[in-house]
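The block underneath contains the structure these notes are about, expressed in C-alpha cells.
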Amino acid sequence: MVRKHLREMSFGVSDLLVAKPQLDELSRQVPLLYVLLSVNSLAVAYSLSDSAPFWLTTLMPVLLVVVCTCRVFLWMRRPTPPDAASARRALNRITVIAAILALAFVTWALALYSYGVREERAHIAVFMAVTMIGCIFCLMHLPQAALAVTAVVTIPYIAYSLYEKNTVFAGIAFNTLLVMLVMIRVLMNNFRGFRELVNSKEEMARLGRENLILANTDNLTGLSNRRLFFAELARMLEGAENTQGFVAVGLLDLDRFKPINDTHGHGVGDRLLEAVAQRLSQVQWEVPDLVVSRLGGDEFAFVGPLDKRSAEAVGVRLCEALAQPFELDDLVLTLGASCGVALSTDASGSAQELFNRADYALYQSKKNSRGQVCLYTLDHEREIRSEEALERALSTADLEAEMQLHFQPVVHFDTGAVQFVEALARWNSPVLGPVRPDLFIAAAERMGLIHDLTLVLFRKAVAALGQLPECVNLSFNLSAQDVTNPPTVLNLVSIVRQSGVDPRRIMLELTETAVMRDFRQADQSVTLLRSLGMGIALDDFGTGYSSLSYLHRLPIDKIKIDRSFVHALQDQSGHDLLRSILMLCQSMTLECVVEGVETVEQLATLRELGARAFQGYLFAKPMPMDALLAWIDADESEVARPARHAAQTV
Ligand code: C2E
Ligand code: CA
Ligand code: CA
C-alpha cells in the first residue's frame, strides 16, 4: 500500500510527460508559499520578541525571509526546461530544497518553543499547523515534496512534544500529523486526476498529429496529397514574397494510364501508380525543398522554390523518369507523362492562379508536345484572355439561333459519288464574329456546355438529313465528353427515334481521345448507338496514342485518317506510314476515309496506296446546305473530275 503510494509519487518513465506541466503549476503556487512562510514567521517572531533572544526573534527570521525572497526571485526567473528529463531533475531539486527549508523552519520554531509561555507556545503550534497546511496546498502538484515537508516537520514536532512530556502539545502534534496524512491522501487523488489529464491531453495531441499526417497523405502512394500540396504552395508563396524568391508549380498527367487501367484492371492500375510515385519520390529527395504530391487519379504535381531553369529541369527529370517502362510481374507497361510548369515570377497572383497557369501549360503540353515539359509563357497569357472572352460570349449565346451547320462531302473515288456529308458546326457570334469550331467546342467542353451544344447541333443535323438525297448519308461529330456521358447518348437516341429518320443514314464520328478517356463507357455507348442502326467512325485516326488493335475491340464501322498524314505524304517515312495504316485497315476489313486531300497529286498517291474514299478541299470545302445541294445537283462529271484527273495521272 505504502509502496503503491510512493510509486504514485515517484517518477516513472511515463511520468516524464507530467514533469513539465507539474513545474508549470508549481511556478504559479510556490512563490505564494514563500510569501505565506515569511509572513507567518515574522508574526511568530514578533509575538515572541519579548521572551526569546535577539538571534532567534530577529536574526534567524530575517535570514529565513531573505532565503524565501531569493527563492521567490529565482522562481520568477526560472527558465522553461528544454525537455522532460530536465524538468524531472528540477522537480527532484525542489523536493530536496523543500525538505531542507522545512527542517530549517521547524528547527527555528522548536528553538523558539522553549522560550515561550503557554499562549506563545500555542501560537507556535498554530503557526506550524497552519503553515504546513498552506505549504501542502501549494505543493499539491508535487506530492513527494509535500510528503517530505510533512515528515520533516511533524516527526521532530511530535518527538519534541513527547520529550517535553507536554501531552497537550503532543496531542496537537499527532492531530496535525493525522490531518496532514488525510490531506496528503486527498492531494494524491487530485494529483492522479492531474496526471490523467496531462496524459489524455498528450494522447489527444498525438492523435491530432496522426490525423494531420493522414489528412495530408495520399493513401495509395504515400505522397503528400492535394491538401498538403496547396498548403505548401501557399507557404512557399508567402516565403517568396518576403524574400523576393521564386516558386514553381508543375503539374504532371500520365499519358497512357487510363487505357492501361481499363485493360488490365484497377489492381494493376493501383500498383502502377505506386511505382510512379516511387520514381517521383526519388527525384523529390534529390532536389532540396521540392514537394511532389498526388492530386488525384493519374495527376501529380510538384512545388518548390525553383527558378525557371531549375523548374524546367525538374519537369524534364520527372517526365524522363516516367518514360522508362514499368515492370509489374510479367507485364511491361509504358506510360509517359506530360508536364506543365508555371512560375510565380511570370505574373502576380494567388496560389490558385499559379496552379491554373500550370494547368494551362499542361494542357498545351498534352495537346502539342506530349511527354515533354511546357512552360507557361506570355503567349499563353494572351490565349487565356481570348479564351475567357470566348467563354463569356458562349455562356450568353443563344445556341439555337447562333449555331449553324455546314456540310462537307466525302467522295468515293471509283464512282465519284458522294457517300456522306460531314456536318461541321459554325458559330457566328454577335459579339466575336465567326469563331473556329475547334475553339468553341473545346470551350463548351471546359464550361460543361457541350451536352446542350451537341444536342442542338444534332437536332439540326437530323433535320438536314431530310433535305439530302436518299443515297447521301450524314456524318456527325461527337465531342470527347459526349461518348462517355450516358445522358447525352440517351438523348441522341431519342432525337433519332422522334425524328423518324432511318438511323442507318447517320454515322457518328468519335475521336481516339474520347474512347481512351473511358474505354468501358465508350464501348457501352457505341454498342447502344449501333444497336439502333447508326454507324460509328473513328475520327482523326493516328493523332492519338492508341493502337489500332486495341481500338478494334470497339465495334467501329469506319476510320477517318487524319489530314496530317496526307500532308506528310511527300516524305518517304510519311508515305510508308500511310501505306501501313491503309494495309492494316484492309486486313481488318475496316472502311476508311482519307481526310484533308487538297491536291490531285495527293489524291493520285493515295489512290496508288489503295485508298478509296476521300474528303478535302480538292473536292469541296464545308458549305451551307443550299450550296451543298447545288453542288450535288451539279453535273456528276464535274464532281468526279478531280478523281478522274487523278486516275489519268496514275
Ligand atoms: P474534323 O472532324 O476533323 O473536321 C474536319 C475539319 O477539316 C474541318 O474543319 C474541315 O473544314 C477541315 N478540312 C476539310 N478538308 C480539308 C482540307 O482539305 N484541308 C484542310 N486543311 N482542312 C480541311 P472545321 O470545320 O474547322 O472543324 C474543325 C474541327 O472542329 C473538326 O475536325 C471537329 O473536330 C470539330 N467540329 C466541327 N464541328 C463539330 C461538331 O458539330 N461537333 C463536334 N463535337 N466537333 C465539331
Ligand atoms: Ca470529323
Ligand atoms: Ca477529322
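Remember, it's 1-based here, ligands and their atoms both numbered in the order they're listed. Numbers for residues simply follow the sequence, beginning at 1. Note: hydrogens, waters and symmetry copies are ignored here, and every other heavy atom, side chains too, is used.
In terms of distance to the Ca ion (ligand 3), the nearest N, O or S atom of Asp539 is named OD1.
Within 4.0 Å of atom 34 (O) of ligand 1, not a single protein heavy atom is present. Per-atom contact check: atom 9 (O) of ligand 1 does not touch the protein, criterion being a heavy-atom distance below 4.0 Å.
Close contacts of ligand 1 with Asp540, meaning ligand atoms under 4.0 Å from a residue heavy atom, involve 3 (O). Applying the 4.0 Å criterion to heavy atoms of Pro622 picks out, from ligand 1, the atoms 11 (O). The contact set between ligand 1 and Asp438, taken as ligand atoms under 4.0 Å from a residue heavy atom, comprises 30 (O). The distance from ligand 1 to the heavy atoms of Leu457 drops below 4.0 Å at these ligand atoms: 41 (O).
In Asp482, neither the side chain nor the backbone holds a heavy atom less than 4.0 Å from any atom of ligand 1. Proximity of Arg426 to ligand 1, defined as any heavy-atom pair under 4.0 Å, is confined to the side chain (atoms from C-beta onward).
No donor-acceptor pair closer than 3.5 Å links the side chain of Ser525 to the backbone N or O of Asn485. Side-chain N or O atoms of Asp270 include none that pairs as donor or acceptor with a backbone N or O of Gly267 at under 3.5 Å. The closest donor-acceptor contact from the side chain of Thr599 to the backbone of Gln602 lies under 3.5 Å. Using modelled atom types, one side-chain atom of Arg520 and one backbone atom of Asp262 make a donor-acceptor pair closer than 3.5 Å.
Residue Gly616 has no N or O atom closer than 3.5 Å to an N or O atom of ligand 1. When only interatomic distances are considered, the shortest N/O to N/O separation between Gln615 and ligand 1 does not fall below 3.5 Å.
Vertex the Ca ion (ligand 3), arms ending at OD1 of Asp540 and OE2 of Glu595: the angle is 150° after rounding to 10 degrees.
Contact annotation: Lys621 has no heavy atom less than 4.0 Å from any atom of ligand 1. Residue contact check for ligand 1: His406 places no non-hydrogen atom closer than 4.0 Å to it.
Comparing Gln408, Arg563, Met403 by heavy-atom distance to atom 15 (N) of ligand 1, the nearest is Gln408.
Of the charged side-chain nitrogens involved, none lies within less than 4.0 Å of a carboxylate oxygen, so that Lys558 and Glu509 do not count as a salt-bridged pair. Taking 4.0 Å as the cut-off between side-chain N and carboxylate O, Arg563 and Glu598 do not count as a salt-bridged pair.
Here the side chains of Val341 and Tyr376 are not in contact, with every heavy-atom distance at 4.5 Å or above. The closest side-chain heavy-atom distance from Ser338 to Leu251 is not below 4.5 Å.
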